[in-house]
Amino acid sequence: MATDLASGKHDHVVTRFPPEPNGYLHLGHAKAITIDFGIAAEHPRSRCHLRFDDTNPSTEETEYVDGIIRDIRWLGYDWGEHLYFTSDYFGKLYDYAVDLIRQGKAFVDDQSVEAIRANQGSLTEPGRESPYRSRSVEENLDLFERMRAGEFEDGSRVLRAKIDMAASVVAMRDPILYRIQKKRHHRTGDTWCIYPMYDFAHCLSDALEGITHSLCSLEFVDHRPLYDWIIDQLDTPSTPRQIEFARLNVTHMVTSKRVLRRLVEGGHVRGWDDPRMPTLSGMRRRGYPPRAIREFCEAIGVTRSESVIELANLEFHVRQVLNREAPRRMGVLDPIKVVIENHPEDGEDWLDAINNPEDPEAGTRQVPFSRELWIEREDFMEDPPKKFFRLAPGREVRLRYAYFITCREVVKDASGEIVELRCSYDPATRGGDAPDGRKVKGTLHWVSAKHAVPAEVRLYETLFREPEPDLSTEASMDAAIAKDSLTVVSQAWLEPALAEAAAGERLQLERLGYFSVDPDTTSGRVVLNRTATLRDTWAKVVRQGES
RNA sequence: UGGGGCGUCGCCAAAUGGUAAGGCAGCGGCCUUUGGAGCCGCCAUCUGUAGGUUCGAGUCCUACCGCCCCAACCA
């Protein structure tokens, strides 16, 4: 592409993103989108078109068109006035086909599907020419006209290019250009009953739109000779060029419409926008910022080598953006009660808390402190190992933005389960620093019990345990799906600032991770999705202690 | 076994034939009112293998090896 600009072949670039409206966009599409739109944005006088490749009415629906538009907008891209549909070109495409027939380079084939397949040859053997290949131009013209008029049944005839049945590239063995499908099209209705195939429609649509560089994935490399052949035979307004790059693969994820559909239809997830899904709608609901996805796609580069990116790489970009942007809040997922014995029964005390240490502009908020608090159960240990810096009997720790507290007594129920910690606080440490200069090793997050907002919190693991799951058969796929990728915490407590949280908001619960407010949230109950955990070096210490 | 694509650190990925960038992960350390963030350092004598050309090769040549794609009236 750089060569074309340097040589003066083009002084600008026109690309296109050509989704088929038969499903939802996923992370793999995000890579293509950032490349297609990104390259256009990098060059002067350039643009990227959004073109729906809607040539197969039996699988495509308007519902998907709307979803795709919404997802690309969310990702942050804009096509201006350049929204197109391949179906807009059906008339022109038909004329091109007629032109090909007139040139004697296309013919109507009456063979059955089975016969065409049988005569296709194999990878190592050439195919056999159709007995209808040498029909006259007049007969072909007549037959094609009647195909269009609806005189023939589905599958009874096709229009094929006349190229070379012995070609080593299978795509060049008299490829099918048009097939009969008496299906209502989501945009053209019943106007047509013959529809062009991808290979015929795509290159010509590119040429019609003045696309300079038609970027696609590696599996189309074999189709490039056909792409060029069709453009060569016909009088097109421009000569686009196809350039291929490798698709995106990420460990523990799949970007195959077939597999994603099975996850949804098999009830393994709650829908296309389940936060575990690699769909754009799923990642949006999960709380992935679009900027993070864009930065990830830019960071992994564009090459022709097939690669599998580690999930950690994606998560790095998600955390990087969220660290800069997400407001900090406090919440407790697995609560244990703390009673501050020397705190007045009805007293309450509002403390200043920083909203985002990475962004001074984010300001501060007030959090209430009172006699009864919730802290995280795992932040207390009766008999702590050496490197455990959190609360333990007799030990003093800091409650973030509040006070130092010291654990005085552990209260258990009949079964030995800890139900309450009796603690004292040092009023002189208000705000979190001791005037006498004494230090504590641990800082805990907490929530005032009296002021706490109830919440449901959904924690996610990857849908596949293995980095590269075997999806070759239905059985192996079912075996590869993790059955416990969703954990629902039904009784979590959040600080009151979160009472009014609106769906889609992203935040960090300090020390726990990044979360997004799920659309299931109601006025009485907040629902959070955990987007990503924080990096956890304590977990590493624990791991090393075990090994 | 026909055609095509690809092989540079655990994962990505740069490198006019001029002496192997960078990011992620990992590992040390500093700092810290998030065991977060940040900061510092370490991490390929070597580019699938074997030859060859050259003063000089990841880049050129030859031969092997390995992985992936192509036989829908899908895109």
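Chain identifiers are assigned alphabetically (A, B, ...) following the order of the sequence lines, protein sequences preceding nucleic acid strands; residue numbering begins at 1 within each chain.
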Next item on the list: Looking only at side-chain atoms of A:L218, point me to the closest of B:G2, B:C74, B:G5.
Entry: B:G5

Margin query: Rounded to the nearest 0.5 Å, what separates atom CZ in A:R365 from atom CG in A:L498?
Written below: 8.5 Å

Item checked: Closest listed nucleotide, where the reference is the side chain of A:V221 and the choices are B:U34, B:G35, B:G5 -> B:G5

Item checked: Closest to the A:R535 side chain, choosing from B:C68, B:G26, B:A75 -> B:G26

Check: Which is true for A:Q111 with a 4.0 Å heavy-atom rule: it touches a base, it touches only sugar-phosphate, or it touches nothing?
Finding: base

Next item on the list: Name the nucleic acid region contacted by A:Y401, choosing base, sugar-phosphate or nothing; use a 4.0 angstrom heavy-atom cut-off, strictly under.
Entry: base

Next item on the list: Please state how far atom CD in A:E378 lies from atom P in B:U34, giving the value in whole angstrom units.
Entry: 17 Å

Check: Just checking A:D154: base, sugar-phosphate only, or nothing, at a heavy-atom cut-off of under 4.0 Å?
Finding: nothing

Next item on the list: May I ask you to establish whether A:R148 and A:Y94 are in a cation-pi arrangement, using a distance under 6.0 Å from NZ or CZ to the six-membered ring centre and at most 45° from the ring axis?
Entry: yes

Next item on the list: Could you tell me whether A:D383 atom CG has more than 12 heavy atoms of other residues or ligands within 6.0 Å of it?
Entry: no

Margin query: Could you check whether the side chain of A:R390 and the base of B:G35 have a donor-acceptor pair of N or O atoms closer than 3.5 Å, going by distance alone?
Written below: yes

Next item on the list: Record whether the side chain of A:E310 comes under 3.5 Å of the base of B:G10 through a donor-acceptor pair of N or O atoms.
Entry: yes

Notebook entry, point to check: How long is the line joining CD of A:E358 and C1' of B:C31, in whole Å?
Noted result: 14 Å

Check: Looking across every strand, which nucleic acid part, if any, lies under 4.0 Å from A:V308 by heavy atom: base, sugar-phosphate, or nothing?
Finding: sugar-phosphate

Note to self: Quick test of the criterion, 5.5 Å between centres and less than 30° between planes. Is A:Y198 stacked on B:A75 or not?
What the structure shows: no

Note to self: Mind checking if A:V113 touches a base, just sugar-phosphate, or nothing, with heavy atoms under 4.0 Å?
What the structure shows: base

Notebook entry, point to check: Between A:T124 and B:U1, does any side-chain N or O lie under 4.0 Å from OP1 or OP2?
Noted result: no

Next item on the list: Mind checking A:H445 for me? I need base, sugar-phosphate or nothing, with any heavy atom below 4.0 Å counting as a touch.
Entry: nothing

Check: Mind checking who B:C55 pairs with, Watson-Crick or G-U wobble, both distances under 3.5 Å?
Finding: B:G18

Margin query: Classify A:F388 by what it touches in the nucleic acid, base, sugar-phosphate, or nothing, heavy-atom distance under 4.0 Å.
Written below: base

Margin query: If you define the side chain from C-beta out and look only at heavy atoms, does anything of A:Q366 sit under 4.5 Å from A:D352?
Written below: yes

Note to self: Can you give me the closest heavy-atom contact between A:A207 and A:I231, atom names plus distance?
What the structure shows: CB-CD1, 3.9 Å

Next item on the list: Answer with base, sugar-phosphate or nothing: what part of the nucleic acid does A:S112 contact at a heavy-atom distance below 4.0 Å?
Entry: base

Margin query: Nearest whole Å is fine: how far is B:A71 P from A:R128 CZ?
Written below: 18 Å

Check: In whole angstroms, how far is the P atom of B:G23 from the CZ atom of A:R294?
Finding: 22 Å

Next item on the list: State the NE2-CD1 distance between A:H29 and A:I68, to the nearest 0.5 angstrom.
Entry: 7.5 Å

Margin query: With the criterion set at under 5.5 Å between ring centres and under 30 degrees between planes, would B:G35 be stacked on A:F389?
Written below: yes

Margin query: So, OP1 or OP2 of B:A75: does either fall under 4.0 Å of a side-chain N or O from A:T55?
Written below: yes

Notebook entry, point to check: Quick one: are the ring centres of A:F296 and A:F316 less than 6.0 Å apart?
Noted result: no

Margin query: Just confirming the chi classification of B:A72, syn or anti, using 90° around 0 as the syn window.
Written below: syn

Margin query: Check this one for me: any side-chain N or O of A:Q120 less than 4.0 Å away from OP1 or OP2 of B:G2?
Written below: no

Checklist line | Length of the line joining A:E125:CD and B:G2:P, which is rounded to integer Å | finding: 12 Å

Item checked: From B:C68, B:G36, B:A75, nucleotide with atom closest to A:P357 side chain -> B:G36

Note to self: Only pairs with both distances under 3.5 Å count, Watson-Crick or wobble alike; so what is the partner of B:G41 in this structure?
What the structure shows: B:C27

Item checked: Side chain of A:A312 (C-beta onward), nearest among B:G28, B:A13, B:A25 -> B:A25

Next item on the list: Answer with yes or no whether A:E244 presents, from its side chain, a donor or acceptor under 3.5 Å of a partner atom in the base of B:G4.
Entry: no

Item checked: Polar side-chain contact A:D222-B:G3 base: donor and acceptor under 3.5 Å -> yes

Check: Is any side-chain nitrogen or oxygen of A:Q544 closer than 4.0 Å to OP1 or OP2 of B:C27?
Finding: yes

Note to self: Taking the C1' atom in each of B:G22 and B:A57, what is the distance between them to the nearest angstrom?
What the structure shows: 23 Å

Notebook entry, point to check: So what's B:C64 paired with, Watson-Crick or G-U wobble, going by both distances under 3.5 Å?
Noted result: B:G48

Next item on the list: Ignoring backbone atoms, establish whether A:T537 has a side-chain N or O less than 4.0 Å from OP1 or OP2 of B:G36.
Entry: yes

Check: Are side-chain heavy atoms of A:I39 and A:L215 found at a separation under 4.5 Å?
Finding: yes

Check: Of A:P19 and A:Y514, whose closest RNA chain B nucleotide lies nearer the 5' terminus?
Finding: A:Y514

Next item on the list: Just call it for A:M197: base, sugar-phosphate, or nothing, with non-hydrogen atoms closer than 4.0 Å on any strand.
Entry: sugar-phosphate

Notebook entry, point to check: Is the ring centre of A:F369 less than 6.0 Å from the ring centre of A:W446?
Noted result: yes

Margin query: Any base atoms under 4.0 Å from A:T303, or only sugar-phosphate, or nothing? Heavy atoms, all strands.
Written below: sugar-phosphate

Note to self: Using a 4.0 Å heavy-atom cut-off, does A:T251 contact any base of the nucleic acid, only the sugar-phosphate backbone, or nothing at all?
What the structure shows: nothing

Check: How close or far is atom C1' of B:G29 from atom NZ of A:K540, stated in whole angstroms?
Finding: 11 Å

Check: Which is true for A:L123 with a 4.0 Å heavy-atom rule: it touches a base, it touches only sugar-phosphate, or it touches nothing?
Finding: base

Notebook entry, point to check: Given B:G7, B:G36, B:A75, which nucleotide is nearest the side-chain atoms of A:L534?
Noted result: B:G36

Note to self: Could you tell me how far apart A:Q508 (CD) and B:A37 (C1') are, to the nearest whole angstrom?
What the structure shows: 9 Å

Note to self: From C-beta outward on A:N323, which listed nucleotide comes closest to its side chain: B:A37, B:C74, B:C12?
What the structure shows: B:A37

Check: Is the distance from OP1 or OP2 of B:A75 to the nearest side-chain N or O of A:R179 less than 4.0 Å?
Finding: yes

Note to self: Please report the distance, rounded to the nearest Å, between CZ in A:F296 and P in B:G23.
What the structure shows: 17 Å

Note to self: By nearest atom, which of the nucleotides B:C73, B:G7, B:C69 is closest to the A:S305 side chain?
What the structure shows: B:G7

Next item on the list: Determine the Euclidean distance between corresponding P atoms of B:U16 and B:G58; express it in Å to zero decimal places.
Entry: 13 Å

Checklist line | Worked check of ring-ring contact (aromatic ring centres under 6.0 Å, His included) between A:Y198 and A:H202 | finding: CA-CA 6 Å; A:Y198 165 84; A:H202 201 87; 4.8 Å; yes

Note to self: Quick check for you: among B:A75, B:C6, B:G4, whose closest atom lies nearest to any side-chain atom of A:R304?
What the structure shows: B:C6

Next item on the list: Report yes if at least one side-chain N or O of A:R117 is closer than 4.0 Å to OP1 or OP2 of B:A72; otherwise report no.
Entry: yes

Margin query: Roughly how many Å apart are B:C11 and B:A75, using the P atom of each and rounding to a whole number?
Written below: 36 Å

Next item on the list: Could you check whether A:G301 gets within reach of a base, just the sugar-phosphate, or nothing at all, counting any heavy atom under 4.0 Å?
Entry: nothing

Next item on the list: For B:C12 and B:A44, measure between their C1' atoms and round to the nearest Å.
Entry: 15 Å

Next item on the list: Tell me which nucleotide among B:U34, B:A13, B:A75 gets nearest to the side chain of A:F220.
Entry: B:A75

